[in-house]
Every structure is written in structure tokens, then in C-alpha cells.
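Input: a single structure, listed below in C-alpha cells.
Every chain is numbered from 1 and lettered A, B, ... according to where its sequence line falls, protein lines coming before strand lines.
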Amino acid sequence: MSFDVSDIKKDFPLLSCEEHNNSLIYLDSAATSQKPQKVIDAVSSYYEEINANVHRGAYRLAEKATTAMEDAREKISDFIKSERSEEIIFTKNATESINLVAKSWGAANLGEGDVVLLSSLEHHANIVPWHQLAESQGIEVRWIPLTESGLLDLTDLDRLLEGVKLVAVSGASNVLGTVPPVRTLADAAHAVGALCLVDASQYVPHRPTDVEELGCDFLAFTGHKMCGPTGIGVLWGRSELLEQMPPFLGGGEMILDVTQEGFTSNTIPWKFEAGTPPISEIVGLGAAVDYLESVGMDNVLEHERTLTTYALQTLKDRFGDELIIHGPHDVSVRGGVLSLAYQDIHPHDVSQVLDDHGVCVRAGHHCAKPLMKLLGVGSTVRASLYLYNDESDVDALADALEATGKFFSR
Amino acid sequence: MSGLEDLYREIILDHYRNPRNQGELEVPPAVMAEGFNPLCGDEVKVHIKVDDGVIVDIKFDGQGCSISQSSASMMTTAITGKTLEEVEGIIYSFKQLMSIHEKSLEGGSETVDSSTTGLGDLQALQGVVKFPVRIKCATLGWNTLEQCFEELDEN
Ligand SMILES: Cc1ncc(COP(=O)(O)O)c(C=O)c1O
């Protein structure tokens, strides 16, 4: 399928909604993406036509609901090239997916002095669960440093890997856009008997994902950043590992048997899905995957690369040294997330004026305070691109930035 | 851009560009408190020195947006030389201005207008109310000042 962004834009009702005078410039997809009509329809038609609890009723409607949910699991499994759909565990979001690994695998397998190696790019979701294990079981959290340009500095990797039981890195940074060499890190982890977890929250939505190629053992991502609903996340894990891991939450769905004396866990994936799952959200995420497949993830990646190149060039041409674009500038190792510092205007003030021009960007620390500290800033302005953005959105950003400069130098 | 002009009044930008009473004081005799805005990562430190129930010196320091920094700067000029009781009144009025109604404070019902007129320059921050996320910026220094008072009480 050929990729025409003006057609894509039309698939997203909010982007052309009258409420916003048809003029919303949405550049905050790293926080959450907009939703195509197909996803919105899938969620509402689930409630209009299918709604029943899953894995429980013997009536046909309940079977339909169960099928809808398990079909979505198959689709998502195929989408990331997992060999077995039981390796897809539904969670609330990426944060819960990572917590599941920390609290189940981590608590059972890590102890005093064991090391979890993180990159300096991480989102709090892939930091705090490990800090918690440091508090509860005395593990050590260690950091892979960054180079000047915001890439992982792997020169000392061998030494960093000493005593490491898990390497946990983001597949793509939500602040700098950096896409670390996951395969290299996974292989290095395996060479010292460690596992590798990838926080793919900013990866899966933007490029073709193949868990075998990535070579990792766990992959966490979140539905709402990939055109899906909020409230649904995914943990993919190798079945041998998932089978060995103790359950995370206890309750209905996750058991085979319960007696007054104890319980027997269900098989994977249900072992990790206690309670009624977010069924409509799962169905919605299945529809999001269908949508992204129909566009083609290769096309999404190529479009974002082209647009990121355009954005880097446009911003450099128009603002020169007045604008700092943090992170790598080579689009082969970065995604479409642009963290900016403009003159000495505080990010909060920049985003306020941008909003006045209909441009939605995020100002803040982006839940990555350790990275902010390394960058030597408290916050940045972050503009992030997705499949529905085009050059006119980048131009609008640049125009609004120029207006911001004028406004504050009055 | 009328909304924006209203938010970023000249006096606000002036305090942002030329902050008054920026810096630190020696602790003790001063007391210090630190405030954070977890949403945006802004931080402010407030030092106050109190003699005989009067604020004889105050300094603030931190990193933050024009609203949080100018509000803290204006706060320092508004309360220097005032008694703690007077300062409580100013804090109360400022919170009224920000539409934060503290039920626990007395006489807070219908006196909004008359009680905020004594704020002087601080009135310029009124435009913030139209931008609810920015209220947290404007009140950061003030909440930190209140933490200083808690420090004082503990000492
Ligand atoms: C890199 C990264 N990891 C994790 C998360 C957390 O996602 P969620 O809040 O959906 O759990 C985010 C999103 O904010 C992210 O950008």
C-alpha cells in the first residue's frame, strides 16, 4: 500500500474535529497517540454487539466475547512476530508490564548484590520497579552511560556486565528519540547468563517489531501509544520463562483450582491475568494492530524518518543556535521524538504559547528525571511525530516557535 | 493572543528577568524549605529569617517557568518586613486570587474582592486562573513559604 499522509489524517477524527477549528497540530504522540475511527468503532461495537464476561459463560454471547479477546491476542502476537500467542500477557499498560517482571521474575530470581543494568535513557517505569527491588531484596541498579550525542556509551560494557542478571533498556527513548542497539545488548546479556528486557513503549508503535530479531526475553509496550485505547498494555515473554515465574496478582482467571488449603495457577498467559480483563480495550488494541498493519509498519517507519529529517533540517535552518535539539541527529539511530530547548525561554512558557497557536507539545521532565539530570536541564519541550503528522505540522511548530520568541522579547 | 497577554503581564516578565531577593541565607539563623512541582520538574528553595515575629529577610532560588519564578519573586517583596500574622493574611489573599478557597480559614466566604486588592503587583498574576495547570506554578513559592513556617514551628 502506498502511504499518503493526507488520507491517514482523515482516519483520525480528532485531528479534523470542529471543536478545534480543524486546526489541531498534534505533536504529542509520545505521550499518547490519537485513535483512528476503526479503533473507536471496534470498541463501541464491542459494547453494542458482543459484551459479556470472558472465559466464564457457556452461552454464545460469552463465547463471542472470549473469541474477540483471544483473536486480538493472536493479532498482537503476529504483530511482534511472537511464535506463540500464549506469550502475550495483557496488562494495564507498559508500567504494569515492567512491574510484572520485577515483582514476579525479579522477586523470585534476584537477591543481594545481583545487578540490574539500565540505560541512562530510561523512563521512570523502567527505573522505579528496580529501585523497589533494591530496597526489598538488596539488588544493585547500575547504569549504562551516554555519549555526548545521546547514544549509549558501550565502551565499558564488559565491565558494566559484571554480576548482571538483567539488562533492562528502552527500545527507543521517549526524550531523545535514541534507538539503542537492542540486539547487541541482548546478546551481551545472554553471554553472561543474564536476561534482557526491552521497554518497547516508543518502539512497537513506530517500527516493525520482531522479538526473535531483537533477541530479548521480555518486551513491554502500551496500547495507547500505538493507536489503541488506554488501559491496555502488553508483556511479551519467552514461554519457558513465563512458565517458571510465580503469578503476579492473585484472583479469578489466574487459577486452575482453589481449595481451602491453597490454589493451583492457570497456564500462561492467563496465569498472569487475574480478574476480569479490560476486554473492550483488548479488542480495541486488536483493531489498532489491524489498522497499523493495513498502513504497513515499514511505511510508518519510512514516513517518520523522512519527516524527522525534515524537522531536524527545518528547525536548524530557521533557528540555528537559538534552538538546541537534544539527542542524536542521525535518523538511522533515532525516532521522531524531538526534545528542544529554545533560547532561554522555559519549556512551560514555550508550550503555553505554542498551545495558543494550536500546537500541542509536552513540556516537562517526561518521566525521565535521571536523564534530565544528565542533560543538565529540569525540563524540555518535546515534539513527537507519528504517522498522521506531515511537513505542515512541522512548519506550524516552527512558526509557533518563532512567535514564541517574539512574544517573550517584546 | 489576549489570553496570553493576560497571563504574561509586563510586571511578571520583569520579575522573571530580574528576580528580586534571589539567593540563600545562612541556616540557622534562617530556616529553609524546598518545593517541587512534580508535573514539570520545577524546584524552588525559600529561606526566611524571622526576628520577633517579623520577616526580616527572605531569599528564593530555583529553576522554573516565568510564572513560578515571578510569583516567588513578587512574594519576597510583598512579605519582607511584615509580621507573621500579616503574612498569613497575604498568603490567604493570594490563594483567594488563585481561586483556592481554604475552608479551614476564617471569613473566606464573600470577601474575595476586598481581600485581594491589597496584593499590589501580585494582582498581575490573576490571569493565571484561566490556565488551571499554571496555578501550580504560581503557588509553588507560596507553598514552600508555608513549609518554612512549619519549620519555624518545629524549631
Ligand atoms: C519509554 C516509555 N516507557 C514507559 C512508558 C509508560 O507507559 P504507560 O504510562 O502507558 O505505562 C512510557 C510512556 O509514558 C514511555 O515513553
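Around the CG atom of B:Asp153, the shell of radius 6.0 Å holds more than 12 heavy atoms that belong to other residues, nucleotides or ligands. At most 12 heavy atoms of other shown residues, nucleotides or ligands fall within 6.0 angstrom of atom NZ in A:Lys92. For B:Asn18, the CG atom sits in a packed shell: over 12 heavy atoms of surrounding residues, nucleotides or ligands are nearer than 6.0 Å. Counting heavy atoms of neighbouring residues, nucleotides and ligands inside a 6.0 Å radius, atom NZ of A:Lys373 does not exceed 12 of them.
For B:Leu4 against A:Phe407, the heavy-atom pair with the smallest separation is O-CZ, 3.8 Å.
Considering only heavy atoms from C-beta on, B:Ile67 stays 4.5 Å or farther from A:His348 through its side chain. The closest side-chain heavy-atom distance from B:Ser66 to A:His346 is not below 4.5 Å.
Considering CG of B:Leu13 and CZ of A:Phe408, their distance stands at 6.5 Å, rounded to 0.5 Å. How far OH of B:Tyr8 is from CG of A:Asp356: 9.5 Å, rounded to the nearest 0.5 Å.
Residue A:Asp355 does not touch chain B at all, counting heavy-atom pairs closer than 4.5 Å.
Annotation: residues 363-372 of chain A contacts chain B through A:Gly364, A:His365 [non-hydrogen atoms, separation under 4.5 Å]. Inspection of non-hydrogen atoms places no residue of residues 121-132 of chain A under 4.5 Å from chain B.
A donor-acceptor contact shorter than 3.5 Å is absent between the side chain of A:Asp349 and the backbone of B:Cys65.
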